[in-house]
Chemist: 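First the structure, which I've put down as structure tokens, then a few questions once you've had a look.
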Amino acid sequence: MTYTPKSEFLTVMLERGFVADCTDYEAFDKALCDGVVPGYIGFDATAKSLHVGSLIQIMMLRWLQKTGHKPITLMGGGTTKVGDPSFRADERPLLTNDQIDANIDGIKQVFAKYLDYGDEGTGALMLNNAEWLDELNYLTFLRDIGRHFSVNRMLSFESVKSRLDREQSLSFLEFNYMILQAYDFLEINRRYGCLVQFGGSDQWGNIVNGIDLTRRVDETQIFGLTSPLLTTSDGKKMGKSADGAVWLNADMRSPYEFWQFWRNTTDADVGRFLKLYTEMPVDECDRLGALAGSEINEAKIILANAVTTLCHGADAAATAEATAREVFEKGGVGDDLPTVTLTSEDLGDGISIVQLIVKTGLAKSGKDAKRLIKENGAKLDDAPLTNAGLMIDAAALASPIKLSAGKKRHALVQLDG
């Protein structure tokens with residue numbers, strides 16, 4: 001991208017690597033220079049927490065507010081009932097209203113850590129599209145909104161085309177999703193003067209639909225800006241780890257495990273992730289990312305501390321680092337490791353080491369646990385674990401035991417009481 005912006009927000013976005021594409025750089029840049037620009041991102045409530053894959057979007061909203069503009073977080077209470085088909089091989093499972101509401105309550109927890117909410121000035125807004133989507137009259141919606149959409153054009157969007165090219169079913173329900181998302185943009189523009197929608201690059205077609213609809217219906221110019229779909233340098237999808245999604249809510253992923261995810265960043269990603277997920281100056285991000293040898297490990301600790309501080313607070317970051325140093329550098333147990341507490345009923349006459357490895361989440365199944373032991377990847381209290389038939393009884397749990405999978409994943413097992 002060769003465009004040189006005048007606005008602080010667009011400058012930050014381009015310098016730090018947030019931008020995949022923009023519908024009109026020059027006009028959007030002018031709007032940012034002319035006054036406070038409200039901008040939104042929609043988050044469907046498909047789980048009780050967002051994961052690291054959504055963090056780039058949250059950071060975009062944070063930078064929008066820090067540079068003098070107004071972020072809007074849109075909860076998809078309405079669109080979740082349909083399900084976004086973008087680049088999915090199958091239809092999302094339909095959730096009940098109660099499940100959606102519970103998920104929204106969980107998702108809301110993270111935003112207050114990144115944004116300052118308030119109705120005035122640049123205060124962030126929290127909206128729910130069920131407010132207008134639940135009240136739609138189907139025939140009126142078809143006549144007033146549906147007529148502006150070309151099925152031919154909708155079929156050409158990559159998110160739909162890729163599904164059809166694989167001869168996988170796309171339900172009529174899912175096909176409506178892009179119309180509803182476009183209508184969201186129109187409504188938020190009408191109600192709150194929202195001028196820009198952000199999203200991952202897989203949302204480009206949906207965002208453009210909203211821009212076109214608003215231009216056709218209200219003759220208003222609005223904008224779209226997308227971020228790249230991130231993968232790590234080794235090709236893995238951002239937000240996933242060896243043991244599943246890296247959730248942002250502490251009750252679904254402990255602050256220590258969250259911190260450890262960032263500490264385990266591959267060397268080649270450190271500089272890029274510092275720019276995207278922290279607020280450190282770009283020059284310092286580049287300097288740290290260029291370090292080599294043992295020095296890059298200290299840069300990873302800086303990354304882990306900065307990201308964890310934003311998400312879980314400075315105390316959680318400091319505790320996680322202290323635990324990691326205790327475990328890795330001193331061979332200790334650490335106070336903040338993921339912990340499984342067994343009752344005497346759980347333990348009975350004894351429990352197999354394979355079951356314990358699965359209970360701690362260090363392996364997904366007994367088969368995986370046995371393979372881990374066979375391949376010399378498991379340790380018990382830092383000693384190699386070679387006996388997959390080992391039974392652990394109350395005497396063995398007189399004090400907590402530490403289980404390890406490889407060099408970087410650890411957990412404690414203790415007996416209740």
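Basis for what follows: all heavy atoms, side chains included, without hydrogens, waters or symmetry-related copies.
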Chemist: If you look at every heavy atom in His69 and Phe9, which pair is closest and at what distance?
Modeler: CD2-CB, 4.3 Å
Chemist: How many angstroms lie between atom CG of Leu403 and atom CG of Leu372, to the nearest 0.5 angstrom?
Modeler: 10.0 Å
Chemist: As a quick check of understanding, evaluate side-chain contact (heavy atoms from CB on, under 4.5 Å) for Phe18 and Leu225, giving each step before the final call.
Modeler: CA-CA 9 Å; Phe18 280 93; Leu225 188 146; 5.7 Å; no
Chemist: Begin with the C-alpha distance, continue with both residues' side-chain angles, and end with the deciding distance and a verdict on side-chain contact (heavy atoms from CB on, under 4.5 Å) for Ile301 and Arg263.
Modeler: CA-CA 6 Å; Ile301 290 173; Arg263 168 61 182 82; 3.7 Å; yes
Chemist: Side chains of Thr67 and Leu32: closer than 4.5 Å at any heavy-atom pair?
Modeler: no
Chemist: With a 4.5 Å cut-off on side-chain heavy atoms, are Leu186 and Ile145 touching?
Modeler: yes
Chemist: Any side-chain heavy-atom pair from Asn209 and Phe185 closer than 4.5 angstrom?
Modeler: no
Chemist: For the residue pair Ser49 and Asn249, what are the closest heavy atoms and their distance?
Modeler: OG-N, 3.1 Å
Chemist: Taking the side chain as C-beta and beyond, is there a heavy-atom pair between Leu288 and Leu291 under 4.5 Å?
Modeler: yes
Chemist: Hey, what do you get for NZ (Lys113) to OG1 (Thr309), rounding to the nearest 0.5 Å?
Modeler: 12.0 Å
Chemist: Locate the shortest heavy-atom distance separating Thr122 from Gln65; write the atom from each residue and the value.
Modeler: O-NE2, 2.8 Å
Chemist: To the closest 0.5 Å, what do you measure between CG (Leu195) and CD1 (Ile188)?
Modeler: 12.0 Å
Chemist: So, the side chain of Arg147 versus the backbone of Arg143: is there a donor-acceptor pair under 3.5 Å, distance only?
Modeler: yes
Chemist: Ala27 and Gln221: which non-hydrogen atoms are nearest, and at how many Å?
Modeler: CB-NE2, 3.7 Å
Chemist: Give a yes or no on whether the ring-centroid distance for Phe43 and Phe111 is below 6.0 angstrom.
Modeler: yes
Chemist: Run the side-chain contact (heavy atoms from CB on, under 4.5 Å) check on Ile373 and Val354 step by step: do they pass?
Modeler: CA-CA 9 Å; Ile373 294 169; Val354 167; 4.2 Å; yes
Chemist: Under 3.5 Å, is there a donor-acceptor pair between the side chain of Asp29 and the main chain of Pro5?
Modeler: no
Chemist: As an exercise, state the distance from CG of Leu64 to CZ of Arg62, rounded to the nearest 0.5 Å.
Modeler: 12.5 Å
Chemist: With side chain to side chain contact (heavy atoms under 4.5 Å, CB included) as the test, pick out the partner of Thr73 among Val110, Leu115, Ile107.
Modeler: Leu115
Chemist: Mind checking the OH-SG spacing from Tyr114 to Cys311? Nearest 0.5 Å is all I need.
Modeler: 4.0 Å
Chemist: Between the side chains of Arg325 and Glu298, is the shortest nitrogen-to-carboxylate-oxygen separation below 4.0 Å, so that they form an ion pair?
Modeler: yes
Chemist: Please name the residue in the list Glu187, Met75, Arg191 that meets the side chain to side chain contact (heavy atoms under 4.5 Å, CB included) test with Glu131.
Modeler: Arg191
Chemist: Does the Thr23 side chain pair with the main chain of Gly224, one donor and one acceptor, at a distance under 3.5 Å?
Modeler: yes
Chemist: Are the aromatic rings of Phe261 and Tyr277 close, with centres under 6.0 Å apart?
Modeler: no
Chemist: When you compare the side chain of Leu342 with that of Leu356, does any pair of heavy atoms fall below 4.5 Å?
Modeler: yes
Chemist: Verify the neighbour count for atom NZ of Lys30: are there more than 12 heavy atoms of other residues, nucleotides or ligands below 6.0 Å?
Modeler: no
Chemist: With a 4.5 Å cut-off on side-chain heavy atoms, are Trp259 and Thr323 touching?
Modeler: no
Chemist: Please test Phe198 against Leu61 for side-chain contact (heavy atoms from CB on, under 4.5 Å), starting from the C-alpha separation and ending with a verdict.
Modeler: CA-CA 9 Å; Phe198 305 109; Leu61 290 179; 4.0 Å; yes
Chemist: Are any side-chain N or O atoms of Lys81 and backbone N or O atoms of Leu95, one a donor and one an acceptor, separated by less than 3.5 Å?
Modeler: no
Chemist: Taking the side chain as C-beta and beyond, is there a heavy-atom pair between Gln197 and Ile222 under 4.5 Å?
Modeler: no
Chemist: Do the non-hydrogen side-chain atoms of Asp212 and Arg215 ever get within less than 4.5 Å of each other?
Modeler: yes
Chemist: Measure from the side-chain N and O atoms of Thr308 to the backbone N and O of Asn305, and report whether any donor-acceptor pair falls under 3.5 Å.
Modeler: no
Chemist: Indicate yes or no for a side-chain donor-acceptor contact from Lys300 to the backbone of Trp262 under 3.5 Å, with no hydrogens or angles considered.
Modeler: no
Chemist: Determine the minimum heavy-atom distance between Gln57 and Ser227, stating which atoms define it.
Modeler: NE2-OG, 3.1 Å
Chemist: Ring-plane angle category for Phe223 and Phe28, please: parallel below 30°, perpendicular beyond 60°, tilted otherwise.
Modeler: tilted
Chemist: Taking Arg16 for its side chain and Lys275 for its backbone only, find out whether a donor-acceptor pair lies under 3.5 Å.
Modeler: yes
Chemist: Dump the intermediate steps for side-chain hydrogen bond (donor to acceptor under 3.5 Å, both in side chains) on Glu257 and Ser254, then the final yes or no.
Modeler: CA-CA 5 Å; Glu257 291 173 300; Ser254 75; 3.1 Å; yes
Chemist: Where do Ala324 and Tyr256 come nearest, in terms of heavy atoms and distance?
Modeler: N-CE1, 4.0 Å
Chemist: Assess whether a salt bridge exists between Asp105 and Lys48, defined as any Lys/Arg side-chain N lying under 4.0 Å from an Asp/Glu carboxylate O.
Modeler: no
Chemist: Just verifying a value: how many Å separate Asn264 CG and Leu303 CG, rounded to the nearest 0.5 Å?
Modeler: 11.0 Å
Chemist: For Asp251, does the CG atom have more than 12 heavy-atom neighbours from other residues, nucleotides or ligands under 6.0 Å away?
Modeler: yes
Chemist: Can you confirm whether more than 12 heavy atoms, excluding those of Asp119, are under 6.0 Å from its CG atom?
Modeler: no
Chemist: Any side-chain donor paired with an acceptor under 3.5 Å for Tyr40 and Asp184?
Modeler: no
Chemist: Does Asp218 use its side chain to pair, donor to acceptor, with the backbone of Thr214 at less than 3.5 Å?
Modeler: no
Chemist: Just by distance, do the side chain of Asn128 and the backbone of Ala130 share a donor-acceptor pair under 3.5 Å?
Modeler: yes
Chemist: Backbone N or O of Ala45 within a donor-acceptor pair of the Thr80 side chain at under 3.5 Å?
Modeler: yes
